[in-house]
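Each remark here refers to the structure printed beneath this line.
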Amino acid sequence: MDVELLIGIFPQVLLDGIILGFMYALIALGYTMVYGVLEFINFAHSEIFIFGAFVGVEVLLGLKSIGLLDGLPWPLVLVLVLVAGMAASGLLAVTVERVAYRPLRGAPRLIPLISAIGISFFLQDLIRLVESLWRNAFNLVYPTMDVLNLRFELSETIDVSVKSLVVIGGALLMLWALHLIVNRTKVGTAIRAVAEDQAAASLMGIDVNRIISLTFLIGGAMGGAAGVLFGVQYGLINPYSGFIPGLKAFTAAVLGGIGNIPGAMVGGLVLGLLEAFAAAYLSLLTGGAFGAEYKDILAFSILILILIFRPKGLLGEVVRERA
Amino acid sequence: MLKVESLDVAYGEIRALKGVGLEVGQGEIVTILGNNGAGKTTTLKTISGLLHPTRGTITLEDQSLLRVAPHAIVSRGVAHVPEGRRIFNRLTVRENLMMGAYLRSDSGIGADLERVFGLFPRLSERLTQVAGTLSGGEQQMLAIGRALMASPRLLLLDEPSMGLAPVLVEQIFDTITDINRQGMTILLVEQNAAMALSIAHRGYVLETGEIALTGTAAELSDNADVRRAYLGE
Amino acid sequence: MIRSPIAVALVGLSALAVATFPRSVLVFLFFQGSLLYVFKARMPEPLRWGLLAVSLLVLMPTIGYFNSYYLEVATQVGIFVALALGLNIVVGLAGLLDLGYVAFFAVGAYSWAIFGSPHANIIFGGESFPLAGWWFYVFLFVGLGTAAITGILLGLPVLRLHGDYLAIVTLGFGEVIRVLANNLDKPINLTNGPKGITPILRPPTPFGIPYGEFFYFLALLIVVAVIVVNRRLEDSHIGRAWEAIREDELAARAMGVSLVRMKLMAFACGASFAGVMGVLFSAKQVFINPESFTFLESIGVLAMVILGGMGSIPGAIVGATVVTVLNLQVLKGFSLWLNELKNAGVTILGFSLADLPTQFEPAKYERMGAAASASWPIEVGPSLARTTPGGRVEPRPCRPCSKPAASRRGSAGSRRCTTCTSRSTGGSRRSSGRTAPARRPCSTSSRGSTPRTRAA
Amino acid sequence: MIRHRGYLVLALVAILAVALLPAANLDAQGKGTIKIATQSPLSGGQAALGEGIKLGAQLAVEKFKGTLEKQGFKVELVPFDDQAKPDVGVANAKNIIADKDILTVIGHLNSGVAIPSSEVYKEVSLAMISPANTNPVVTDRGYPNVNRVCGRDDVQGVVGSEFAHATMKAKSVYIVHDKTPYGQGVAEFFKADAEKKGIKILGFEGTEEKSNFDPIVTPMKAKNPDVIYFGGIYDQAAPFFKQSREKGVKGKFFGPDGMDSSDLTKIAGKAVVGMYYTSAAGPASELPRAKAFVEEFKKKFGKNPEPYAAEAYDAATIALKGIEAAAKGGKMPSREDVATAVRKTKLPNGITGDIEFDGKGDRKKALYFVLQVASDDPGKWGNNKIVKQLAIAAPAAPVAPKK
């Protein structure tokens with residue numbers, strides 16, 4: 001075993017894990033917010049997330065075709081793309097809620113879950129239909145902005161690219177903004193009130209349906225932002241590429257204590273780091289007997305362990321589990 | 001002010017209210033008495049829009065409240081302190097109070113906040129505390145204070161005495177009287193009939209979903225049936 | 001009773017129609033529909049079961065003899081019915097949401113695949129494998145046992161978890177099993193990884209029945225066995241204990257139900273059915289690899305259970321049938337038909353279908369159709385389950401909590417009630433959350449006295 | 001509400017029923033029709049490749065069906081979506097064999113679907129020509145009706161290691177694969193042969209990951225291999241290569257025929273310029289027939305062919321030739337006759353070279369090109385140059401991968 005190598009790549013793996021973790025955290029917010037309010041797993045969130053990535057790529061390609069991609073200052077382009085992706089995903093989330101979930105709100109709990117899964121598959125193929133008509137393509141590539149690809153080589157084994165900084169910065173900004181909205185504004189308080197007790201909230205004059213829509217809007221927008229950052233960081237999307245990250249992010253949300261916003265962030269980071277370290281080190285530590293492909297097993301095993309000892313997730317204290 | 005006529009409410013097959021009618025005049029405290037399951041809470045919930053009647057009318061100052069969403073009923077000046085308080089446990093005391101004033105954006109919020117603190121000084125000491133950690137009495141105060149923050153014209157109170165020590169119950173009822181004196185109309189649902197009749201102007205007795213008896217508080221207190229059934233004699 | 005002659009006529013007519021138009025998907029659908037009618041409509045029980053027996057034991061194999069495709073559809077329906085019934089025990093009866101159910105199916109499938117193929121030689125060395133064909137019948141029970149043990153192994157650590165936490169752990173478990181199957185080709189080659197195991201031996205069949213019919217009958221036999229076991233369980237104290245756990249865990253424990261034993265039992269029972277079917281599946285397919293055991297499969301089975309109406313045996317049967325037929329037959333048939341129109345040069349409103357851009361190729365959007373129809377599951381679900389004979393999901397009048405839950409329970413309990421109160425005016429709603437351990441004031445009254453029209 | 005929904009469903013079912021009704025009539029009159037079926041995933045994550053197979057076959061059928069149509073037959077292509085799921089593939093296969101007009105199947109994409117489905121085709125001796133199943137097992141079973149125009153993992157892996165050793169002079173390689181039967185299969189054969197040739201294997205990793213390769217790239221970069229071999233398909237390889245270069249990995253990239261798509265450069269851009277890949281299909285720049293195919297494909301479908309589209313085109317061409325041979329005299333041929341004829345059919349100058357089947361249905365002599373990516377412009381994918389040609393016959397007996 002090459003100890004020097006093991007130590008040498010550590011900071012880089014840490015960075016990889018943090019980026020992945022923030023990505024998961026951003027996606028997990030959508031699951032966790034909806035869960036907090038409706039106690040229901042919005043399976044379609046993975047497609048809401050990838051929809052943001054698609055809108056983002058369309059905006060970028062649009063800018064490119066009119067020659068503005070390099071003409072405008074890159075932070076402006078980024079903000080533009082983020083806003084577009086967030087708006088689109090947010091609206092999609094609201095529409096999905098309106099069409100597929102609200103009519104089922106009184107139904108037994110698992111019925112909307114199946115509806116959500118149905119919507120998830122439906123959206124995958126719908127995105128594919130539209131994209132194949134519009135671009136005649138299956139995989140879409142994020143046009144790169146040269147600035148984002150700049151790298152700073154800190155040592156032989158460690159380097160940091162501008163886009164990874166952008167991803168971390170963007171994610172932190174989003175999380176901070178969400179924190180402000182939820183904890184410092186009236187609607188944010190209303191969201192938390194609705195999450196706790198819908199009937200009592202409606203007795204305060206809160207329009208519960210509107211707050212639920214708003215929750216979907218915000219959760220969806222976070223997903224859209226994650227989608228854009230995902231595209232910027234990893235470069236390639238197709239209509240089905242949201243599903244697995246969505247599943248992982250959902251896991252992260254549960255890990256942190258579902259329904260709990262800081263929990264989603266912690267869960268995302270834990271899962272991201274776990275995956276990164278497992279993928280990088282398993283093979284090195286076992287001499288190739290177990291490789292990177294075991295990262296999911298490790299992640300899920302640790303998830304199971306954590307839940308055994310903390311059945312409500314890492315930060316799940318405040319979430320009440322109905323007996 | 002509030003007028004309810006021949007109200008029928010059903011849970012599936014089970015009819016919870018059968019032709020209930022009642023009236024609350026401006027500035028009154030009206031109480032509804034009855035045993036468990038008589039339909040008291042159902043009546044309040046139907047008035048505030050949480051339940052939908054199958055028949056009957058509810059009017060507030062000659063405007064129908066039927067098919068009006070609960071949050072819109074609040075905007076017409078009806079505040080409901082639900083049974084079991086139902087404060088937001090995870091929100092702070094201040095946030096709970098501000099949720100009461102959710103629909104308002106006027107400048108009177110601050111003054112109303114002061115008014116609530118005047119009624120319940122304990123709350124002002126616990127402003128930043130998470131509401132779930134309050135004691136039962138404090139929670140009841142918060143629930144009433146929260147409802148007052150909507151600056152309603154009609155206050156629906158559902159069992160404010162439930163689960164409280166007798167000292168606290170008296171304190172709460174004193175406060176209710178205070179609020180009423182300041183001009184608030186109150187519809188009070190209570191199992192503690194003695195307390196309720198001591199502060200109410202008029203009352204109704206609800207039995208298995210029907211109004212069995214009505215009269216002024218004094219009349220009811222003197223009624224032999226009421227005394228036997230609700231005042232423990 | 002006019003329904004009895006109608007049923008007889010329907011079955012006879014549709015069978016005749018299938019014989020006349022052996023290739024028409026629609027006519028076969030008509031046959032399936034008439035079976036559904038027999039299954040659901042009110043009629044004397046001996047007639048119902050007689051008709052079903054004749055249809056399934058005589059007519060279906062005869063049809064299958066002329067068109068093995070229909071037999072394949074019927075066999076896969078059988079496989080998924082058994083899976084749905086197994087999952088129904090876990091989700092529907094015991095109220096434990098399991099998102100990794102297909103793992104047990106995989107365990108069963110691999111148990112026969114490894115020993116019923118030369119692959120075991122790689123593990124144990126020598127040339128003694130595959131085992132002789134008759135071992136298959138033994139392995140039906142081995143698969144059952146292995147899957148049951150796996151179920152217990154999964155159950156043990158997760159007993160403390162509820163609701164969605166349990167769901168995510170089972171999801172993880174399902175993925176772990178799949179990833180293991182995909183990766184255990186080293187350091188020891190147990191599963192041959194993604195390349196899968198082949199050729200898997202098929203058993204000698206009694207009376208030399210061809211394999212298509214053999215697997216159909218075997219699947220049917222297993223399904224019948226599963227239904228019988230399911231029924232017995234339901235009526236036993238175990239079944240009642242499961243329901244008690246589903247309705248209110250706390251109360252169940254207070255009544256002396258051993259949560260640990262009962263939950264493990266639910267996992268083991270549900271898993272064992274999947275294990276048996278896994279053995280059958282691997283022999284039928286001759287080849288298996290991890291692609292058959294993805295998360296999507298688990299979701300598919302769950303959808304069948306929920307669609308049919310949770311906790312209901314007929315519901316699970318109908319749900320599995322509808323989904324499988326929709327996926328393998330109806331949507332395929334529809335897209336093939338569109339393709340045929342296109343090839344025939346049909347024009348609609350002056351637009352020739354042949355000019356349709358390839359992006360609109362109907363075969364590409366079968367899945368989308370299935371997904372769209374699953375997005376509004378409520379109409380297929382309870383409405384079907386409600387009318388099934390002997391169904392356990394009779395509509396119970398939803399009596400929402402007029403009293404909010406005791407304050408100790410806090411808002412979570414009472415919220416459930418208000419959401420349903422606000423929608424309960426129609427009175428047609430079913431009781432709220434079945435897996436959700438929701439507070440149901442009516443549960444105490446209905447649990448003991450669920451009206452049950454015994455079917456047989 | 002629920003009631004209302006119920007009616008909605010009823011209405012939908014009714015519409016569907018009415019829509020399906022004519023299917024019976026159409027079926028009844030199909031007398032002189034010859035159908036060729038394709039089976040590949042048309043939905044789901046692998047739909048792009050599956051659709052490529054369908055489109056390639058479609059192009060060939062439309063182009064070469066004339067001879068049969070002159071004899072009075074109607075020739076049709078019937079696409080099936082196997083959803084990359086074995087159970088769906090088998091059900092489709094049963095559906096296919098039930099339609100007596102279907103005389104050949106072009107498919108599948110996944111070996112996992114092809115193997116159980118071909119058991120079904122075998123029941124009725126229906127010829128299957130696979131454009132993409134490189135798993136040795138597919139033909140090693142020795143079925144008379146199962147053929148493939150693509151190469152085998154064991155051959156291609158060896159071609160790769162031969163090139164890495166002799167031409168690239170690689171001292172060390174790092175192998176990554178996609179955990180599919182194809183990717184892992186070819187990677188394992190590459191590894192086994194490379195080890196034999198004395199190349200040092202610095203790592204052998206499988207991953208199902210599609211977008212984030214950071215954790216794999218980091219240790220790989222630290223080990224600094226000469227050559228990085230990716231066993232898999234371009235849509236996964238391209239982001240992997242791109243992220244590797246972005247992170248400063250310096251080794252040369254190399255891969256099997258799954259790389260053969262202009263989308264590789266579209267996705268990975270400059271990162272893959274100069275990389276090598278092995279392929280049975282020649283480059284458009286040097287083979288006129290390949291050029292014609294790409295142009296025709298593009299004209300018809302508006303995009304570049306995916307990997308295996310050319311193989312599917314050749315497979316369908318062979319299918320038609322086989323049917324023509326079996327239908328001598330204008331009679332509707334039997335499936336057995338078609339299967340026998342297909343096995344005997346030779347296709348000189350196919351898009352993917354000269355095709356001739358051996359006794360097992362493998363190509364007698366597989367000609368492999370090693371190509372080098374010429375430009376980061378996807379439009380110039382056709383300009384990729386042949387660096388080397390290697391002809392290797394398929395192994396006569398099953399070769400088990402050495403572990």
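Just so it is clear: chains get the letters A, B, ... in the order the sequence lines come, proteins before strands, and each one is counted from 1.
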> With a 4.5 Å heavy-atom cut-off, do D:K94 and C:L71 have their side chains touching?
Replying inline: no

>> Can you confirm whether D:P181 sits close enough to C:N289 that some side-chain heavy atom of one is under 4.5 Å from a side-chain heavy atom of the other?
In response: yes

> Side-chain contact, heavy-atom cut-off 4.5 Å: D:K179 with C:N183?
Replying inline: yes

> Taking atom CD of D:Q83 and atom CG of C:L296, what is their separation to the nearest 0.5 Å?
Replying inline: 10.0 Å

> Is D:V137 close to C:F287 at the side-chain level, that is, under 4.5 Å between some pair of heavy atoms?
Replying inline: no

>> For D:K122, is the NZ atom crowded, meaning more than 12 foreign heavy atoms sit under 6.0 Å from it?
In response: no

> Side chain, backbone, both or neither: which part of C:N182 has an atom under 4.5 Å from a heavy atom of chain D?
Replying inline: both

> chain C heavy atoms under 4.5 Å from D:L77: which part of the residue, side chain, backbone, both or neither?
Replying inline: backbone

> Side chain, backbone, both or neither: which part of D:A47 has a non-hydrogen atom closer than 4.5 Å to chain C?
Replying inline: neither

>> As an exercise: rank D:S43, D:A84, D:A91 by heavy-atom pairs under 4.5 Å with chain C and give me the winner.
In response: D:A91

>> With heavy-atom distances below 4.5 Å as the criterion, would you say the side chains of D:D81 and C:K332 are in contact?
In response: yes

> Looking only at heavy atoms, what is the nearest atom pair of C:L336 and D:P79, with distance?
Replying inline: CD2-O, 4.1 Å

> Side-chain contact, heavy-atom cut-off 4.5 Å: C:V286 with D:I115?
Replying inline: no

> Run the side-chain hydrogen bond (donor to acceptor under 3.5 Å, both in side chains) check on C:D185 and D:Q184 step by step: do they pass?
Replying inline: CA-CA 11 Å; C:D185 49 351; D:Q184 181 170 351; 2.5 Å; yes

>> Whether the D:D87 and C:Q285 side chains hold a donor-acceptor pair (N or O, under 3.5 Å, no angle test) is what I'd like checked.
In response: no

> To the nearest 0.5 Å, how far apart are CD in C:E72 and CG in D:N95?
Replying inline: 10.5 Å

> Which bit of C:F80 is near chain D, if near means a heavy-atom gap under 4.5 Å: side chain, backbone, both or neither?
Replying inline: side chain

> Can you say whether D:N135 sits under 4.5 Å from chain C via the side chain, the backbone, both, or neither, judging by heavy atoms?
Replying inline: side chain

> Tell me, side chain or backbone of C:Y211 under 4.5 Å from chain D's heavy atoms, or both, or neither?
Replying inline: neither

> In terms of side-chain geometry, is the basic nitrogen of C:R178 or D:E208 positioned less than 4.0 Å from the acidic oxygen of its partner?
Replying inline: yes

>> With a 4.5 angstrom heavy-atom cut-off, is it the side chain or the backbone of D:K54 that approaches chain C, or both, or neither?
In response: side chain

> Non-hydrogen atoms of chain D under 4.5 Å away: do they reach the side chain of C:E297, the backbone, both or neither?
Replying inline: side chain

>> Before you tell me yes or no, could you show the steps for D:V90 and C:K284 under side-chain contact (heavy atoms from CB on, under 4.5 Å), namely the whole-Å CA-CA distance, both residues' side-chain angles and the distance that decides it to 0.1 Å?
In response: CA-CA 10 Å; D:V90 167; C:K284 175 177 130 352; 4.1 Å; yes

> Measuring heavy-atom distances to chain D, does C:S68 have an atom under 4.5 Å in its side chain, in its backbone, in both, or in neither?
Replying inline: both

>> If I measure from the heavy atoms of chain C, does D:V88 come under 4.5 Å with its side chain, its backbone, both, or neither?
In response: both

